[in-house]
Asker: 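Got a structure for you, written out below as structure tokens; questions coming shortly.
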Amino acid sequence: QKYNLYNVDYYTLDELNYNIGHVKNFTNRLFGKVNARIMPWLNYDLMFQYETNNTTTETINEWAAYDTRYLINSYAVYDAVQGKVVYKLPAGDIFNEQAQLSNSYTLRNQLNVNKRFGSQHNMTMVLGSELRQAKNERNINRAYGYNPDLLSTMPINLDELTKSFT
């Protein structure tokens, strides 16, 4: 290997054991309804629903995995002055964490009219309003040079990482 880059050979059976993630999910939905009969032909409904979803995903892209080695090599540059490759990402695992929290609610007011006039006429109406809100928050973190035994990571220089390669 002329430039001493990390090996990027791909072995399918080995890759099946790498980059395994863990997902935790909690979902809850609450619903309530109140009905009031105002007159025999008129009633009022008040309905409320609240829903929450909390999901956390953790994945460790292991150092031995092809994707990790390829990514680290792709940010490496050859320093002609030193005559060697300089890695802009540290060697080691890559720790990925994603957390998502969703909350939503719906409030509905409704008047129901069902009035009969004589033997042949009927009036049916629904009058109502609905308020709805949905909120979604997401945090995504990635750490390089992760050591699962020490629970430590290595810093990276984002300015240096994003410089164009010459």
Side-chain angles (χ1 to χ4, degrees), residues 1 3-36 44-79 82 84-110 126-166:
Q1 291 184 337
Y3 295 109
N4 200 28
L5 293 172
Y6 296 117
N7 181 358
V8 288
D9 291 340
Y10 186 89
Y11 301 102
T12 306
L13 290 177
D14 289 342
E15 292 295 320
L16 293 174
N17 298 315
Y18 304 137
N19 303 338
I20 296 174
H22 301 280
V23 177
K24 295 177 186 174
N25 187 24
F26 173 76
T27 301
N28 188 24
R29 181 182 297 161
L30 299 170
F31 180 79
K33 178 179 178 179
V34 175
N35 180 276
Y44 171 74
D45 290 329
L46 174 64
M47 295 166 270
F48 181 78
Q49 178 175 299
Y50 177 79
E51 187 172 357
T52 184
N53 182 6
N54 188 356
T55 304
T56 303
T57 305
E58 291 182 354
T59 305
I60 297 175
N61 299 95
E62 296 176 44
W63 168 243
Y66 168 83
D67 291 341
T68 303
R69 290 176 282 129
Y70 182 84
L71 180 67
I72 292 172
N73 279 347
S74 67
Y75 282 97
V77 293
Y78 181 74
D79 186 338
Q82 296 181 21
K84 67 176 186 174
V85 171
V86 176
Y87 293 97
K88 294 185 177 189
L89 291 177
D93 297 347
I94 300 172
F95 179 74
N96 300 292
E97 180 181 44
Q98 179 174 324
Q100 182 170 327
L101 176 63
S102 302
N103 292 306
S104 65
Y105 73 83
T106 304
L107 176 67
R108 183 177 177 91
N109 291 293
Q110 183 173 311
V126 175
L127 302 168
S129 67
E130 187 170 289
L131 296 170
R132 204 178 267 189
Q133 180 182 19
K135 185 177 179 183
N136 189 15
E137 297 176 14
R138 178 184 283 179
N139 293 314
I140 300 173
N141 296 306
R142 176 174 256 197
Y144 296 93
Y146 179 69
N147 182 329
D149 296 327
L150 300 175
L151 299 177
S152 64
T153 60
M154 299 293 294
I156 60 170
N157 184 339
L158 287 176
D159 291 335
E160 187 66 30
L161 189 66
T162 56
K163 281 184 183 176
S164 60
F165 301 140
T166 56

Asker: Hey, does the side chain of K88 reach the backbone of E160 with a donor-acceptor pair shorter than 3.5 angstrom?
Answerer: yes

Asker: Less than 4.5 Å apart, side chain to side chain, heavy atoms only: is that true for Y105 and F48?
Answerer: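 Touching, per the 4.5 Å side-chain cut-off.
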
Asker: With rounding to the nearest 0.5 Å, note down the distance linking OG in S104 to CD in Q133.
Answerer: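 Here the rounded value is 9.0 Å.
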
Asker: Does the side chain of N53 come within less than 4.5 Å of E51's, by heavy atoms?
Answerer: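 Contact flag for E51/N53 side chains = no.
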
Asker: Could you state the interatomic distance from CG (L131) to CZ (R108), rounded to the nearest 0.5 Å?
Answerer: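 It is 11.0 Å, given to the nearest 0.5 Å.
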
Asker: Does the side chain to side chain contact (heavy atoms under 4.5 Å, CB included) test come out yes or no for D45 and K33, once each step is laid out?
Answerer: CA-CA 7 Å; D45 290 329; K33 178 179 178 179; 3.9 Å; yes

Asker: Rounded to the nearest 0.5 Å, what's the gap from OG1 on T57 to CD on Q98? Could you check?
Answerer: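 Between T57 OG1 and Q98 CD, I get 5.5 Å after rounding to 0.5 Å.
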
Asker: Sequence neighbours left out, what passes side-chain hydrogen bond (donor to acceptor under 3.5 Å, both in side chains) with T56? Give chain and number order.
Answerer: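 With neighbours one apart ignored, the set is empty.
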
Asker: Looking at every non-hydrogen atom in both residues, tell me the closest pair between R138 and I140 and how far apart they are.
Answerer: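 Shortest heavy-atom contact: CD-CD1, 3.7 Å.
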
Asker: Applying side chain to side chain contact (heavy atoms under 4.5 Å, CB included) to K24 and H22, what does each step give before you reach the verdict?
Answerer: CA-CA 7 Å; K24 295 177 186 174; H22 301 280; over 6 Å; no

Asker: I would like to know whether N61 and T68 meet side chain to side chain donor-acceptor pair (under 3.5 Å); could you show each step before the answer?
Answerer: CA-CA 6 Å; N61 299 95; T68 303; 4.9 Å; no

Asker: With a 4.5 Å cut-off on side-chain heavy atoms, are L107 and L46 touching?
Answerer: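 When only atoms from C-beta onward are counted, L107 and L46 do touch, with a gap below 4.5 Å.
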
Asker: Minimum heavy-atom separation for W63 to G92, with atom names?
Answerer: CE3-N, 3.5 Å

Asker: Verify side chain to side chain contact (heavy atoms under 4.5 Å, CB included) between Y75 and L161, making sure each step is shown before the conclusion.
Answerer: CA-CA 7 Å; Y75 282 97; L161 189 66; 3.3 Å; yes

Asker: Could you please spell out the steps behind the side chain to side chain contact (heavy atoms under 4.5 Å, CB included) verdict for V126 and Q110?
Answerer: CA-CA 7 Å; V126 175; Q110 183 173 311; 3.7 Å; yes

Asker: Is there side-chain contact between I72 and Y87, with heavy atoms separated by less than 4.5 Å?
Answerer: yes

Asker: Under 3.5 Å, is there a donor on one side chain and an acceptor on the other for T55 and N25?
Answerer: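 The criterion, which ignores hydrogens and geometry beyond distance, is satisfied for N25 and T55.
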
Asker: When rounded to the nearest 0.5 angstrom, what is the spacing between CZ in R69 and CD in E62?
Answerer: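 Output value for this atom pair is 11.5 Å.
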
Asker: Rounded to the nearest 0.5 Å, what's the gap from CD on E130 to CE on M47? Could you check?
Answerer: 8.0 Å

Asker: Decide yes or no for E15 and Y10: does some side-chain heavy atom of the first lie under 4.5 Å from some side-chain heavy atom of the second?
Answerer: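 Yes - at least one pair of side-chain heavy atoms lies under 4.5 Å apart.
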
Asker: Is any side-chain heavy atom of L71 less than 4.5 Å from a side-chain heavy atom of I94?
Answerer: yes

Asker: Check whether the side chains of N141 and N96 place a donor and an acceptor atom closer than 3.5 Å, and report yes or no.
Answerer: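 Short answer, no.
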
Asker: Y70: which residues meet the side-chain contact (heavy atoms from CB on, under 4.5 Å) condition with it, sequence neighbours left out?
Answerer: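 For Y70, the residues satisfying side-chain contact (heavy atoms from CB on, under 4.5 Å) (neighbours in sequence not counted) are V8, Y66.
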
Asker: Is there side-chain contact between N103 and L101, with at least one heavy-atom pair below 4.5 Å?
Answerer: yes

Asker: What's the separation between atom CD1 in I60 and atom CZ in F95, rounded to the nearest 0.5 Å?
Answerer: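 That separation rounds to 6.0 Å.
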
Asker: Distance-only criterion, 3.5 Å: show the donor-acceptor pairs between side-chain atoms of residues 144-155 and protein atoms not counting sequence neighbours.
Answerer:
{"residue": "N147", "atom": "OD1", "partner": "D149", "partner atom": "N", "Å": "2.9"}
{"residue": "N147", "atom": "OD1", "partner": "L150", "partner atom": "N", "Å": "3.2"}

Asker: May I ask you to check whether Y18 and D67 show a side-chain donor-acceptor distance below 3.5 Å?
Answerer: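 No, because no side-chain N or O of Y18 sits under 3.5 Å from a partner of the opposite role on D67.
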
Asker: Going by atom types alone, do N28 and T52 pair a side-chain donor with an acceptor below 3.5 Å?
Answerer: no

Asker: Can you confirm whether L89 sits close enough to I156 that some side-chain heavy atom of one is under 4.5 Å from a side-chain heavy atom of the other?
Answerer: yes

